[in-house]
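A quick write-up on the structure given underneath.
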Amino acid sequence: MEILNIKNLSKNYGTVQALKQVSFSVPAGTVFGILGPNGSGKTTLLGIVMDVLKPTSGTYEIFGQSPTADQRKQIGTLLETPNFYHYLNAVENLKISAAIKGRGVDDIDRVLEVVDLAKRKNSKFSTYSLGMKQRLAIGAALLGNPDVLVFDEPTNGLDPVGIAEIRELIKKLSKEGKTIIMASHLLDEVEKVCTHVAILKQGTLITYGDVNEILINEDVVETSAADLEQLYQLLQRMPGKLSINRKDQVVQVNFSSGTADLAAVNRFCFDAGITITHLQLKKKSLETKFLELTH
Amino acid sequence: MQTASYMQKLLQIEWLKLKNHRPFIIIASFFTLGVFTINYVVYILNNTINKVQGAALIKSSNPYDFYYTWQTTSYWTGWLLLLPSLLIIILVTNEFTYRTNRQNIIDGWSRSQFIEVKMMLALIVAVCSTLLVVLSATLFGLLSGSSFSTHGISHVFFFFLKALSYNVIAVFISVWIRLTGFAIGSFFIYIGAENFISILLNNNLSLKLRNDYNIDLGSLGDYLPMNASDGLLTFPDNPLKTIAKSALPTDYTWLVACFAVAYLVLFFWLSKRNYLKKDL
């Protein structure tokens, strides 16, 4: 079953196209990362899904149906910034969220414990630090133990310990079978917690799918020979390779992380009568991969 | 029954927002105190003036005698209606400033529910203001020594219409402007601009139509959104009103009241349309 199905969603702000014909779907039970640099349209996309922004064109379905307000009650959402009544304390604010959702009033103390705000539950929201505000927003999203959670930059404003705690929380929620949609500009964050990812660049969907297929760590063996075309044809048959491509005066052979063997590559070429003039192992980092995708 | 329960739920949530909101408590207290204070001051002044003029005149000219008390209290309290309107502006624009309106939608309210509850708030504030007028009018009517009578209570309805108009216009401006300072400024500019246009219409077009073309449409300024409800409230035996009546003798009170109601519907529709269509 698909939790969210986005079809050709576009959003213009005047002449700026924030989203361009974006389509993808989020399977149930996944931790789905929406990854992209600042301004790539992640928050705009989630804003449309949560009905706080109106799309210029396109449609979307939640739980396989046209979107309604009642569906949003079944989803715990933190969108962009924590939005609470500054003159009310944590409990009073969560009472409002719970009342709107129609559930979760009995759950307030539990979620405040989960986000480590129990001791400050009677303090006004205006007295909270940025990290505490973010924690409260995550707590509000957890109210009523929803099966689907939407987190937009959930670790914003948190210290390293807080970031680690939230990542662990997301993993724990995922193990409980919940579907989590998480927007982030942090590759590391997505790689660590997500099972699926959609990558956005300037409003355009670059790719989406299983995170292990898209954000895989690879070993890259760079080779060169007098006859580059002959080398390229030969390495097409190289056992264990993931992919191969020609780049300027070299042929790059990609292997899964930790599996590249330079001696084996050299021997394979030598046995076929090709003398390699250049052989080098390069690690393709996730950052490189991300930059390749988004720049 | 289902609609009442639905609205009750929405209003309970609105009450959670309001009950600890200091500006709400302060402005509501000031307004409540103001209603009794302004009428008490007028009541005392009137008694003092009458005593100076002579004891014989007191009974016949006390504006707080039943049935004048409904009109007098409505008229003077009408001057205080800016306070609840300002409160409405603060309450609605704060939702935009702190983006809590977005959170309400994210949590599961529909956009219609959000705007409907704000309009309900405008209505409830108008009803509470009207109840204060009823209470105040009854109190000062009884204090004046006259017998209770509901004759002339239609003026309280006109007060309610005026209170509701002010509040609904406040919601309308808040939804369109969104920023508290600008919204309050726009509200005052709007009041001033409408009064200015009203004077121009009344002094030029209304009289010209009657004198030159023998067409009597009443005071045209009274058909403008705020003046439609403002014009319904007059001080008993107001000499200015008498002059206006002699210039434009036809009484268009109920037509103006209908205009006021039509404007309420229009502003509600425009506010809702804006909120349903725009990004939040």
Side-chain angles (χ1 to χ4, degrees), chain A residues 11-14 18 43-44 46-56 62 67-89 91-105 124-126 133 136-137 140-141 143-144 146 150 152, chain B residues 2 5-28 87 90-118 120-121 175 178-180 272-280:
Chain A
K11 173 69 179 174
N12 298 349
Y13 293 108
T43 301
T44 300
L46 293 179
I48 291 170
V49 172
M50 288 295 129
D51 195 33
V52 295
L53 299 175
K54 290 288 176 189
T56 306
I62 301 175
T68 64
D70 281 340
Q71 288 168 344
R72 291 197 297 278
K73 291 177 183 172
Q74 310 301 316
I75 301 173
T77 304
L78 154 63
L79 185 65
E80 204 172 7
T81 50
N83 305 317
F84 291 101
Y85 296 90
H86 62 286
Y87 53 90
L88 298 179
N89 64 36
V91 175
E92 289 162 342
N93 268 301
L94 292 185
K95 275 183 183 171
I96 292 172
S97 290
I100 292 175
K101 286 171 188 278
R103 60 188 195 157
V105 181
K124 282 183 181 174
F125 179 69
S126 57
K133 287 175 179 173
L136 183 61
L143 271 179
V150 175
D152 182 12
Chain B
Q2 215 169 12
S5 153
Y6 158 81
M7 262 303 156
Q8 192 186 346
K9 272 186 189 167
L10 296 187
L11 288 169
Q12 276 170 350
I13 293 167
E14 206 62 14
W15 177 242
L16 290 175
K17 301 178 189 175
L18 283 181
K19 64 180 183 182
N20 293 319
H21 191 229
R22 197 170 290 171
F24 165 73
I25 295 163
I26 292 171
I27 294 175
L87 175 65
I90 290 168
L91 293 177
V92 178
T93 53
N94 271 355
E95 298 265 19
F96 288 99
T97 304
Y98 297 103
R99 308 183 102 191
T100 42
N101 67 321
R102 282 167 64 111
Q103 195 60 44
N104 290 170
I105 303 300
I106 288 167
D107 285 340
W109 262 0
S110 68
R111 291 182 178 222
S112 293
Q113 283 176 318
F114 182 86
I115 201 71
E116 280 162 15
V117 82
K118 294 302 173 199
M120 278 301 290
L121 184 66
V175 167
R178 299 188 174 193
L179 299 169
T180 309
K272 189 166 180 173
R273 190 173 179 276
N274 177 291
Y275 200 76
L276 292 184
K277 299 270 178 193
K278 278 195 172 178
D279 288 343
L280 304 178

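All chains are named by letter (A, B, ...) in the order of the sequence lines, taking the proteins before the strands, and each is independently numbered beginning at 1.
Contact count against chain B (heavy-atom pairs under 4.5 Å) is highest for A/H86 among A/E92, A/H86, A/M50. Here A/V52 is the residue among A/V52, A/I48, A/I75 with the most heavy-atom pairs under 4.5 Å with chain B.
Residues A/P82 and A/A137 come closest through the heavy atom pair CB-CB, 3.7 Å.
Side-chain atoms of B/R178 do not come within 3.5 Å of backbone N or O of B/T97 as any donor-acceptor pair. A donor-acceptor contact shorter than 3.5 Å is absent between the side chain of B/D107 and the backbone of A/I100. The main-chain N or O of B/L280 is never found under 3.5 Å from a side-chain atom of B/Y275 such that the two would form a donor-acceptor pair.
Only the backbone of A/F84 comes within less than 4.5 Å of a heavy atom in chain B; its side chain stays farther off. Using a 4.5 Å cut-off between heavy atoms, A/L88 contacts chain B through its side chain alone, with no backbone atom that close. B/Q12 does not touch chain A: none of its heavy atoms, backbone or side chain, sits under 4.5 Å away. Within the 4.5 angstrom heavy-atom criterion, only side-chain atoms of A/Y13, from C-beta onward, approach chain B. Proximity to chain B (any heavy atom under 4.5 Å) is shown, for A/Q71, by neither the backbone nor the side chain. Contact of B/K9 with chain A is not made at all, since no heavy-atom distance falls under 4.5 Å.
B/R102 and B/E95 are not joined by a salt bridge, as no carboxylate oxygen comes within less than 4.0 angstrom of a charged side-chain nitrogen. The pair A/K101-A/D70 does not count as a salt bridge, with every side-chain nitrogen at least 4.0 angstrom from each carboxylate oxygen.
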